[in-house]
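Here is the structure we will look at.
As a basis for the values below, the full set of heavy atoms in this structure was taken, side chains included, without hydrogen atoms, waters or symmetry mates.
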Amino acid sequence: TNKEWISVDLGEKVPVKLVILHWNTNFGKAYEIQVSDDTQNWKTIFSENKGNGGLDFIANLQDSGRYVRMNGIARSGSAGYDLAEFKIYTTEERLTGSLKDKNGNIMRGTPMVLGKNLGGSVAFASDIKNWEFIKNSGYNTIRVCWVDPWYKDHEKTYWQVSEVLPYLDKCVENATALGMNIIINFHGVGSQQEFDKEYTFAFEKEFWESVAPRYKDNDLVYYEIANEPTFQMEDYLKPAFKQNLMEIYNSIRKAAPDRHIMMFSFNTIINKIVEVVEEYKSEIDWNTTSVAYHMYNYNSSEYVVNLMAYH
């Protein structure tokens, strides 16, 4: 019937900040999210009247309870409500959304840049004194961005993979000498959206075939597969895109099983990135993988807090 519900016992009263409903074919067109301390008295903290199925990401909730339920009001069809997942997140889980290094410290970093046309930046990154200054300023991580993929896309002069490797070696040497974390970043911008429209990821594959095994035993090194490959969330869900991105992921995992991989590097923190992660999550080893994203166009930490809660 329309008047059906499902509840979850959280074990104790906690703040409820985020609820995710993952619907199968038969979804709720109208429903409420409610909280209770005793299963007798329920308070509605969210109402949906125009549900369309799929993934409902219900953020910014501002109440507490031991019990949380989805209280159905109207179904999408004649069958019952069909939920694949019913997830509840609270403030107690938010710290798990921060990437920590081997010493248990939250990684706090700043970028350096390598590129054929950027001699000053290359010299800066190669000089360990600059790394020392940054470390003494309170940072423990450098994101080394190889920007020649952008130059290649825009038909400008660029280093081949073999040409950048000595400079990456020097950066890893500097990081290792100072005990700093280093994120190696393949830095295109919208490459698969504007240039590699068949989603081959050919240049990315060439890069990681050389780089992944090169630092496989250095626990200060982190691998960021590709910066902002597309600005369109639907691209991530296309079969060719996913197949080739996951091919790179799996090749890195095979060549360097202990290195931490940063996936996606989204250009945004909108809620739709959760739909992308949900599509990929069963194929990823989350013990050594994180979701990366930029905070462009936002001046509040509210969205980040919600995404960290999801993590």
Side-chain angles (χ1 to χ4, degrees), residues 1-76 80-100 106 233 264 266 268-282 284 286-287 289-293 295 297-311:
T1 67
N2 284 325
K3 302 294 184 180
E4 300 286 346
W5 55 266
I6 181 173
S7 68
V8 176
D9 181 358
L10 302 177
E12 60 180 323
K13 183 176 180 178
V14 296
V16 176
K17 307 301 293 184
L18 169 68
V19 170
I20 297 176
L21 301 178
H22 188 181
W23 299 97
N24 287 320
T25 304
N26 304 305
F27 57 89
K29 293 185 67 176
Y31 62 86
E32 300 168 327
I33 299 299
Q34 300 176 318
V35 294
S36 173
D37 295 334
D38 56 11
T39 71
Q40 301 300 313
N41 301 290
W42 292 94
K43 179 181 180 181
T44 299
I45 60 174
F46 174 81
S47 296
E48 175 63 76
N49 296 311
K50 298 180 180 179
N52 59 1
L55 190 71
D56 287 347
F57 187 91
I58 306 165
N60 306 320
L61 299 175
Q62 301 293 330
D63 221 304
S64 301
R66 172 171 174 170
Y67 304 92
V68 181
R69 77 175 181 180
M70 187 288 296
N71 185 43
I73 298 174
R75 298 164 292 164
S76 61
Y81 298 96
D82 189 1
L83 270 175
E85 292 180 304
F86 181 9
K87 296 181 178 180
I88 300 128
Y89 296 89
T90 179
T91 50
E92 277 73 7
E93 295 195 26
R94 286 180 176 169
L95 285 179
T96 64
S98 295
L99 180 58
K100 296 182 179 181
I106 292 176
M233 295 300 106
F264 306 115
F266 295 113
T268 181
I269 52 174
I270 60 174
N271 292 342
K272 284 187 178 180
I273 73 175
V274 174
E275 297 179 22
V276 174
V277 177
E278 287 286 322
E279 176 67 23
Y280 285 73
K281 71 176 185 180
S282 64
I284 291 174
W286 293 107
N287 292 313
T289 311
S290 296
V291 174
Y293 50 83
M295 283 188 64
N297 304 318
Y298 293 89
N299 58 10
S300 168
S301 62
E302 174 183 324
Y303 296 91
V304 173
V305 169
N306 289 326
L307 288 169
M308 289 172 69
Y310 164 75
H311 184 282

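- For N41, the side-chain contact (heavy atoms from CB on, under 4.5 Å) criterion is met by D38, not counting sequence neighbours.
- Here the OH atom belonging to Y280 is positioned 13.0 Å from the CD atom belonging to E275, to the nearest 0.5 angstrom.
- At a threshold of 4.0 Å, the pair E85-K281 counts as salt-bridged, since one of the basic side-chain nitrogens sits closer than that to a carboxylate oxygen.
- In this structure, the separation between CG on N71 and OG1 on T44 is 7.0 Å, given to the nearest 0.5 Å.
- Taking CD from E48 and CE from M70, the interatomic distance works out to 12.0 Å, rounded to the nearest 0.5 Å.
- How far CG of L99 is from OG of S290: 4.0 Å, rounded to the nearest 0.5 Å.
- Listed by chain and number, the residues in a side-chain contact (heavy atoms from CB on, under 4.5 Å) with R75 are N2, Y81 (sequence neighbours excluded).
- Between W42 and Y67, the two ring planes are perpendicular [angle over 60°; tilted spans 30° to 60°].
- Counting heavy atoms from C-beta on, the side chains of K43 and D63 come closer than 4.5 Å.
- Counting heavy atoms from C-beta outward, V68 and I33 have side chains that approach closer than 4.5 Å.
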Item to check | Check against salt bridge (Lys or Arg N to Asp or Glu O under 4.0 Å), E278 and K87 | outcome: CA-CA 12 Å; E278 287 286 322; K87 296 181 178 180; 3.7 Å; yes
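- Counting only heavy atoms from C-beta outward, the side chains of I20 and Y89 approach each other to under 4.5 Å.
- For F27, the ring pair (Phe, Tyr, Trp, His ring centres under 6.0 Å) test picks out no residue, with sequence neighbours left out.
- Taken to the nearest 0.5 Å, the CG atom of L18 stands 8.5 Å off from the CD1 atom of I58.
- Here the closest heavy-atom approach between residue S64 and residue P15 is recorded as OG-CA, 3.4 Å.
- When all heavy atoms are compared, the tightest approach of Y293 to T268 is CB-O, 3.6 Å.
- The distance from atom CG of D9 to atom CD1 of I88, rounded to the nearest 0.5 Å, is 10.0 Å.
- The pair D37-K13 meets the salt-bridge criterion, with a side-chain N (NZ, NE, NH1 or NH2) lying under 4.0 Å from an Asp/Glu carboxylate O.
- What you find for F46 and L61 is that their closest heavy atoms are CB-CD2, 4.1 Å.
- Summarising the geometry of I269 relative to I273, their closest heavy-atom pair is CA-CD1, 4.4 Å, with the distance given to 0.1 Å.
- Residues meeting the side chain to side chain donor-acceptor pair (under 3.5 Å) test with S282, sequence neighbours left out: none.
- Taking the side-chain contact (heavy atoms from CB on, under 4.5 Å) definition, one finds that T25 meets it with nothing, sequence neighbours left out.
- Taking 4.5 Å as the limit, every side-chain heavy atom of L21 sits out of range of all side-chain heavy atoms of F57.
- M233 and V276 make their closest contact through O-CG2, 3.9 Å (heavy atoms, listed as atom of the first residue, atom of the second, distance).
- Between E32 and I73, the shortest heavy-atom distance links the atoms CG-CD1, 3.7 Å.
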Under 3.5 Å donor-acceptor pairs involving side-chain atoms of residues 49-56, not counting sequence neighbours:
{"unit_1": "D56", "atom_1": "OD2", "unit_2": "W23", "atom_2": "NE1", "d": "3.0"}
{"unit_1": "D56", "atom_1": "OD2", "unit_2": "Y31", "atom_2": "OH", "d": "2.6"}

